[in-house]
Structures are given as structure tokens and as C-alpha cells.
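The structure under discussion appears below in the form of C-alpha cells.
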Amino acid sequence: MIREASHQERLDTALRRSVKSPDPVRGTTVTVRVRFAPSPTGYMHVGNVRTALFNWLFARGQDGVFILRVEDTDQRRHVEEAINVITDGLRWIGMDWDEGPEVEGPFGPYFQSQRSDLYHEHAERLIDAGEAYLCYCEAEGADPEAACRCAERADPNDRIATGLAVRLSNPGGRSEFEDIVGGHLSFDNEQFGDYILVKSDGTPTYNFANVVDDTAMEVTHVIRGDDHVSNTPRQLMLYRAFGYDPPRFAHLPQILGPDGARLSKRHGAASLTEYRDRGFLPEAFMNYLALLGWAPRGEQEFLTPAELIDGFRLEDVRKSAAQFSMEKLVHLNSLHIQRLEPEERRDLAIGSLMRGEILDEASASDPEILERVGEIVEAMGNRFRYGEQIVEFGAHFFTEEVEIPGDLGSHFADDAVREALSSAADRFEACNEWTEEAIEEIVRASAKESGLKAAPLIHAVRVALSGTTAGPSLFTLVRLVGPRRSAQRIRSALDSFPAGETSE
RNA sequence: GCCCCGUUCGUCUAGCGGUUAGGACGCCGGCCUCUCACGCCGGUAGCAGGGGUUCGAGUCCCCUACGGGGUACCA
């Protein structure tokens, strides 16, 4: 019984054919070439970063070439700044490109705005071949329902002229292809009509420029968001009109916001820079992003960039959209932070402390302060899961005074505790050997003399010093706050919550 | 409207005809403990619905519902 080849079988065949396999014609090995082609909108959308990442992981895993191409055909704002947002973003997360802006390469220029000649040349070629024609309709104002009748006047001798758009002569039939992610896809070409290839202002449309550039740049795999699936048949018609072999396609599922809607600016955290600014690690962000729509074959989810490259398989990408989870990102980030060297962890903290205006430029380069921050960071241990939390949980280390929430006043209600607190404050100030052992002795002795167990005093001191019940070992906390400020904060707390007064 | 695509715990996912439906995040207990966090132990929770096919369906087919994308001289 002959059955149709399964999706997996067709996929295997196709992958074998196009990935690092001997080229039957030239007898050489075909190198994988993929591209990330963002338009310079001025910010890096997380969804685009994920698309870039999958391209990059695939290229690196296949010893291929990763191209960065800027799609700025329609953008007036082809400004330097918008390009930098893209290149800085890629660099931050750790994705390097082999061809593109800054590094250039043999298939440049890598800005579509600089490739007009190539597009016009290709448009002329299609007109000559009768595969496209000039459209004399008004660009605007025409009844959208009325079909363009210029096809009837199509003349291969026409030349591209300003003010006239170029349309494809739709060949009809069907466009079918094997998507690495989406499987077999089939479309009726008729539904796309004689769509525009070159706008009347002379600039190419997305579909046209893409086919011309992907061919010229010898792109072997087009890996992009699945909002482009229905552009694929349009492009396939063009490949056919030109007589080119189309590349392989892989359409990635969307990334949804926490509310299930497509991730957008509206969600407040759709921009790459926000994660960088909040003190997330690039390798953690990369790790998390890779897990959105793709899953490693093993059970380990904590993966370094090298492990991601090694394990990434385009055919393991899921077809359905994935929701972004801040909790899981934070969790992975915490794991990656723990893996950092002490100095790296300290530097992450320094960056966040500066952004949080706890430290200024000058103090951030002061070796003494640097060392102190290092100590604080180590004391905080895994209690901060991303940079910003060092500000949230550790600000009291850097201030003179500390504010104690009213509901923690109960820690200072007991007379014995107050007595021990006051005694401990005196001894802190008088202490001439400021070590954690000495501090512990003081605390335990003070508690004992007031007939207390250590715990209630320890808790009270912690609240007095840090304004919170959470934090590192009490003796470490006291040591870092120092004898003078510790004593001062204890007395201040005693003043703020007088004896006999019950604070709810 | 039409054309494509999708739907396994709240979330990310494993699963590719026979599983007590596995893992991770979160959440809830417990242990540890000067608090918190970590760590360890345990728990909660899922195959959208309906028809087929089959000895047997989360896995194959059809329909419905819901969701998404496209339908531009945007990319």
C-alpha cells in the first residue's frame, strides 16, 4: 500500500537537501544562510528578538551565516538612532551577525533603501518577461472594488516611470510549500490578485524586496513570524516568475502578552531595553526566549547560550502561540545570577543601583564603595532575582536612616525586648572588634540578661536596622550596617514606637 | 465575508494508537532555620466540545466553538 509521505518524512528530506548537504550541481557543501530583517522602528520588540534568536541559533548550530538586513524601504525615519536600537539590542543579548551594518559583507549594501537599482532592474526583467506590468490607475481615490484593468494594456516595452506602480501578472494556480514548522501549506494564487511589486513612488513593496534580496543574498532559510505565512504564496509566485529556487520557510508562532493578546507596546514590557534596564541578564533572557515556542529534547530548562545553540532544532518549534511569563523569566534569571562570578554579580548590582539613583557616577567607581557593594551583594545571596531587586531590598544599606512600616512596630512592644535592644545598641557602639562573632555574642548576651530567648531580639534588631523582616543573617546585617548606624537605628526605632503603645 | 493556522494543568511544555498523561514556573503544605530566600520532601491542577475510524484515541479523520494571522501602492 502506497501512502503519502508523512510531514516528518518530507521535512527530513527537505532538511537533508538544504542543510549542509553536498550540492548536486556544484558538488560543494551548501552553507546555511539566514537573515534577520527588522525595520528600524526605533525599538526592539521582544517578538522580533525571538525571531532574531531562532535565526541566530539555527545559523550558529549549522555553522551557517547570520545576516542582518535593515528593511527601511518605506520608512522615512531611516535614522541612525533607530539602527542603533537594533544593533545595541542584538549585541546586548549576545547575538553577533556575520553580514550586515558595521561588518558589511559580500552581498551588501544591507539597507534596502540603498538597493533601489537592484529592485528596478528586477522589475524591468519581470515586465520584459511579461510576468509584470505597469499600472496606470490612480494610486488613490479609485474605487477599491473596481478591478485594475491595466493588465489588458500590458506591454513588455514599458519602462518603469515615476508615478506608475508595477503589478505582478498573477499566474493563477496554487502555491504550495513545506513549512519546517507549519507543515504542508497550500494557497489559491487567485486570491492575491495582481498585487503591487513597486509602488508608484518607485519603492518596492515588502514582498518584492524580500524575494529580490533573499535571492541576491543567497538566503537558504527564511525564518520569520507566522504573521508572514500568507505572504509566502505571494513570494512563491515571484520566485517562479524569476525562475529562482525558493528558500525553505519556517514560520514561528507569535508571542502573546500576559493577557493572552498579542504582545505589544500596550503590555508595557514588550521592549528589549526594558529588560536590560531592569537588571535582567542577557543570557537569562535568551534562555527564556528560546523556551517560548521551542523545547529542548531533554528536561533541563536552564540552558547557556552554547547549550541552546547545541540543542536547538528548527523542527522542534511548536506551531501555537506562547504567552510571555514574567515569573518564569524571573526564575531563570535568578538561576543565571547564581552562576555569575562575584564581580559580575556586583557589577549587575552597581548598574541597577545607579539606575535607581542609590549610587552616582562618582561613587560607582570608588573602590571602597565597590567593595562594600560586593559584600552587600554576597550577603543578599539569592534574595535578589534581577538587578532592580537589589534596590528594592537593599536600599537601606545605602541610606543613613531607615523607615519602619507601622505594622512592624509590634516588635518593639515588649519591655524585655526594649531593654535588650537598648543594651545591644550601647554595646555595638562600644565594640572594638567588629566581627560577626562579636556581634552575635552581644546580641545573645543582651537577650539573656533581659531574660529573653535570642529570637525576639534578633527579629527586633532586624526590623530596626532594615525596616523589613526579610534579609540575610542578622549578624551579617549588623556588621554591614556598622556599629554607629546600628545603634542609631535601634534607638530611633525605640523612639518611633514608644513603650505601652500598641500599634496594630 | 473569504483564505490560512492554532487549541494538553493558571502559564511554558513532553507526548507522535496501549502512559497511574511526565517535567518546569506559579500556588499550597512540610522539613531546615534568627527572618526571608535557597535547598529538600509532598500536594493542587490539564487533553476545548461533539461525532467517527480502531480491540484500543491526547495522539488519525470530520464538524462545532473559541483564539490568532492575512485579505494595503505597511513591513
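Heavy-atom basis, side chains included; hydrogens, waters and symmetry copies ignored. To find a chain, count down the sequence lines: A is the first, B the second, and so on, and within it residues start at 1.
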Report the base-pairing partner of [N] (Watson-Crick or G-U wobble, both distances below 3.5 angstrom), or none.
| N | result |
| --- | --- |
| B:A24 | B:U11 |
| B:A48 | B:U64 |
| B:U71 | B:G1 |
| B:U33 | none |
| B:U53 | none |

Under 4.0 Å between any heavy atoms, over every strand shown, what does [X] touch: base, sugar-phosphate, or nothing? Just pick one.
| X | value |
| --- | --- |
| A:P38 | nothing |
| A:G225 | nothing |
| A:G471 | base |
| A:R234 | sugar-phosphate |
| A:D226 | sugar-phosphate |
| A:F384 | nothing |
| A:L292 | sugar-phosphate |

Would you state whether a donor and an acceptor, one from the side chain of [X] and one from the base of [N], lie under 3.5 Å apart?
| X | N | value |
| --- | --- | --- |
| A:N207 | B:A75 | no |
| A:R383 | B:C38 | no |
| A:S473 | B:C34 | yes |
| A:E301 | B:G23 | yes |
| A:S200 | B:C73 | yes |

* Ring center gap for A:F312 and A:F58 short of 6.0 angstrom ->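 Between A:F312 and A:F58, the centre distance exceeds or equals 6.0 Å.
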
Determine: side-chain N/O of [X] to OP1/OP2 of [N], distance under 4.0 Å, yes or no.
| X | N | answer |
| --- | --- | --- |
| A:T73 | B:A75 | yes |
| A:R318 | B:A14 | yes |
| A:K319 | B:G6 | yes |
| A:K199 | B:A75 | yes |

* Measure from NZ or CZ of A:R50 to the centre of the six-membered ring of A:F54, then state whether that distance is under 6.0 Å and the direction lies within 45° of the axis. =>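 Yes, cation above the ring, under 6.0 Å and within 45°.
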
Check ion pair [X]-[Y] (N to O, under 4.0 angstrom):
| X | Y | value |
| --- | --- | --- |
| A:D214 | A:R69 | yes |
| A:E131 | A:R240 | no |
| A:E449 | A:R444 | no |
| A:E344 | A:R346 | no |
| A:R35 | A:D213 | no |

* Under 4.0 Å protein heavy-atom contact, by nucleotide of nucleotides 43-49 of chain B - B base, S sugar-phosphate only -> -------

* Between CD on residue A:Q112 and OH on residue A:Y119, distance to nearest 0.5 Å ->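 Going from the CD atom of A:Q112 to the OH atom of A:Y119 covers 4.0 Å.
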
* **RNA chain B: 5'-proximal contact among A:Y288 and A:I458 (nearest heavy atom)** =>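 Looking at RNA chain B, the more 5' nearest nucleotide goes with A:Y288.
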
* Please tell me which of A:L329 and A:L474 maps to the more 5' nucleotide of RNA chain B, matching each residue to the nucleotide holding its nearest heavy atom. =>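 Final value for this comparison: A:L329.
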
Enumerate the protein-to-nucleotides 19-22 of chain B contacts in which both atoms are nitrogen or oxygen and the separation is below 3.5 Å.
none

* A:K319 to A:D226 - nearest heavy-atom pair and separation ->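 That would be O-OD2, 4.4 Å.
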
* For a side-chain contact (heavy atoms from CB on, under 4.5 Å) with A:V463, tell me which candidate from A:L408, A:I490, A:I458 qualifies. =>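 It is A:L408; the other options fail the test.
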
* Rounded off to whole Å, could you give me the CD-to-C1' distance for the A:E378 and B:C38 pair? =>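 So the CD-C1' distance, A:E378 to B:C38, works out to 14 Å.
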
* Asked: For the pair made of CG in A:L164 and P in B:C73, what is the distance, rounded to whole Å?
  ->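 Value for this atom pair: 15 Å.
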
